[in-house]
Amino acid sequence: MAQDMDDEVTQALRASLQESSHEAQFQADLQAAIEESKRALEAQTAAISPAQVAERSQPGPSAAASFLSQRAQDERARLERLKRRRPDVDLGPKPAANDSDDEIEEVIPPTAKRQHISPASRSDTRHANTGVAQQRSDQTHSSSDSGLFWDGEVRQTANVHVDRRKDTQHLFRLTEILQPNKEIEFAIVSAFCWNYAWVYDMFYAETPVIAVDHSPTGDASIKTILPNWIRTTPFLRNGFGCMHMKLFYKTGRLRVVVSTANLVDYDWRDIENTVWVQDVPKRSEPIASPSKTDKENFPTTMVILTGHTRLMKALIDMGAATPPGKELILECQGSSIGTYSSMWMNEFYRSARGESTQSWLEMTKARRAKVPYPPIKILFPTTQYVRQSVLGEAGGGTMFCRRKQWEATNFPRQLFHQSRSKRGRVLMHSKMILATFQDKRGTLDSDSRASTASQSASSQVDEDDGEREPLVGWVYVGSHNFTPSAWGTLSGSGFTPTLNVNNYELGVVLPLRTHDEADKIACWERPPPKYVLGQDEPWDGLEVVPRLTMLGN
């Protein structure tokens, strides 16, 4: 019996590796493109003339090319300001004497790992944010007069390129999130891309900071990079990171920040992102340590502590599973497209309904492969929309959909919809899933619907409060793109499931009680227009490097 179980687990792992091979190849291609774009951007910046810099405020290709040079000038100026402020900080390469952990590592250059974009109109981010704040100075902290968010709050980031007539909602700015910076006792900050000099300048000099980053090789490391700053990289199979920060204040308060934005200036100025901020008061007494039984049972719960199965668990706990007789409609906004199949889509869809995937894994693989695509709308900008955006092609360098993905025989092109910001001709880097319940029947088979209805009905009752207030859906905000790498892929059987996740991700799920609330929290125009097949194609950020090189020449 034990041998049979071992064989079954081995087969599950092998199947999982095979299913994730295409996604792993995409991640490898993406990492190669990131490094290539960095080299191309540096080479192009050096080649742009001062005359082109003067043209950066004019529309057209010359403007897109010239603001690459302007970015480099501004970053050099910022480093000089930082050097004057902190002469003890070495911002240049430091000869490596040994590999000891207390060695000061060379600060990573401000050009971030996947940077393809530079601003069309450039000023220090603090100054740009001030210009926006002057128009809405009374809205800075709408949910609390003290600037604290005890109930949590979702907002879009400030952006210098939006249509001011459409920019009517409360916003978040990184400088405001970190204030008062002298009161931050300790910070843990994580991001996919970093501009260390830019972020360091926003923190109080004496604040200890742990910067969580990722290495190209995915190796674990820990080193001092700046006074009071430690950079650590967790082990990752493909070398990718996550995005969130924790700020510990001297008063005992904890601020948790979950952001779709990286810690680079253009993410907080030139493209649109979404941020969740919540302040947590200090407990009167610490939580008791886990019992021995809890520790022993912990490994058996790992299928529900991460990935889309964790989403399923959260929905059940908050009473947001899809009600009986309702169909779940998903609108998935992100900046990177994965390798999709009807099998993975239905696997994710089950979790998004608040339904256990056990019955799904108990179906034969052949039967699972025949289930049609569920009602999911994938939101992604078209090539035409990127070209017509404020920054044009150069602004689309962080949006990825490979052409060979799009042209694959069974790729779900019919699920693609336009991603258009409600705030004007800016591109959205926001990762958000909007889920709404509708009366129309779903596309799952009868067994699936019966199982879902049973679980959904039981999840709607609160033990203490009786019947919960009915919801119209839910929304997810965080670092997950809508990809198998981010949300995970299941393999194995219902008895021995295996969830394979390539990335470290973090997000929050919020209940929606009205359709007006759903419309308000979505950062895109609703309903999103469907792609016209044969006419609309998704933008491929991996092609931005040769195009920018042509503009620079």
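Throughout, numbering of the chain's residues begins at 1 and tracks the sequence.
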Exercise. Determine whether the side chains of Tyr196 and Asp213 contain a donor N or O and an acceptor N or O closer than 3.5 Å.
Key: yes
Self-check item: Ionic contact status for Lys431 with Glu505, cut-off 4.0 Å
Solution: no
Exercise. Please answer whether the main-chain N or O of Pro528 pairs with a side-chain N or O of Arg526 as donor and acceptor at a distance below 3.5 Å.
Key: no
Quiz prompt | Flag side-chain contact, heavy atom, 4.5 Å: Leu415 against Met345 | solution = yes
Quiz item: If only atom types and distance count, is the side chain of Asn273 paired as donor or acceptor with the main-chain N or O of Thr157 below 3.5 Å?
Solution: no
Quiz item: With distance as the sole criterion, is a donor-acceptor pair present between the side chains of Thr274 and Thr260 under 3.5 Å?
Solution: no
Quiz prompt | Phe348 and Phe482 aromatic ring geometry - parallel, tilted or perpendicular at 30°/60° bounds | solution = perpendicular
Quiz item: When Cys332 is tested against each of Thr483, Ile337, Ile376, Leu434 for side chain to side chain contact (heavy atoms under 4.5 Å, CB included), which residue passes?
Solution: Ile376
Practice problem: Using modelled atom types only, decide if a donor and an acceptor are shared between the side chain of Glu347 and the backbone of Leu490 within a distance under 3.5 Å. | Solution: yes
Exercise. Look at Lys250 together with Glu185 and state whether they make a salt bridge at an N to O cut-off of under 4.0 Å.
Key: no
Quiz prompt | Distance-only side-chain donor-acceptor flag, Gln333 / Ser419, under 3.5 Å | solution = yes
Practice problem: Measure the acute angle between the ring planes of Tyr340 and Phe411, then classify it against the limits of 30° and 60° as parallel, tilted or perpendicular. | Solution: parallel
Quiz item: Between Trp229 and Trp194, what is the ring plane arrangement, given parallel below 30°, perpendicular above 60°, and tilted in between?
Solution: perpendicular
Exercise. Could you tell me whether the side chain of Thr306 and the main chain of Val303 form a donor-acceptor pair under 3.5 Å?
Key: no
Quiz item: Does some side-chain heavy atom of Phe186 sit less than 4.5 Å from a side-chain heavy atom of Thr207?
Solution: no
Quiz prompt | Arg310 side chain vs Leu305 backbone, donor-acceptor pair below 3.5 Å | solution = no
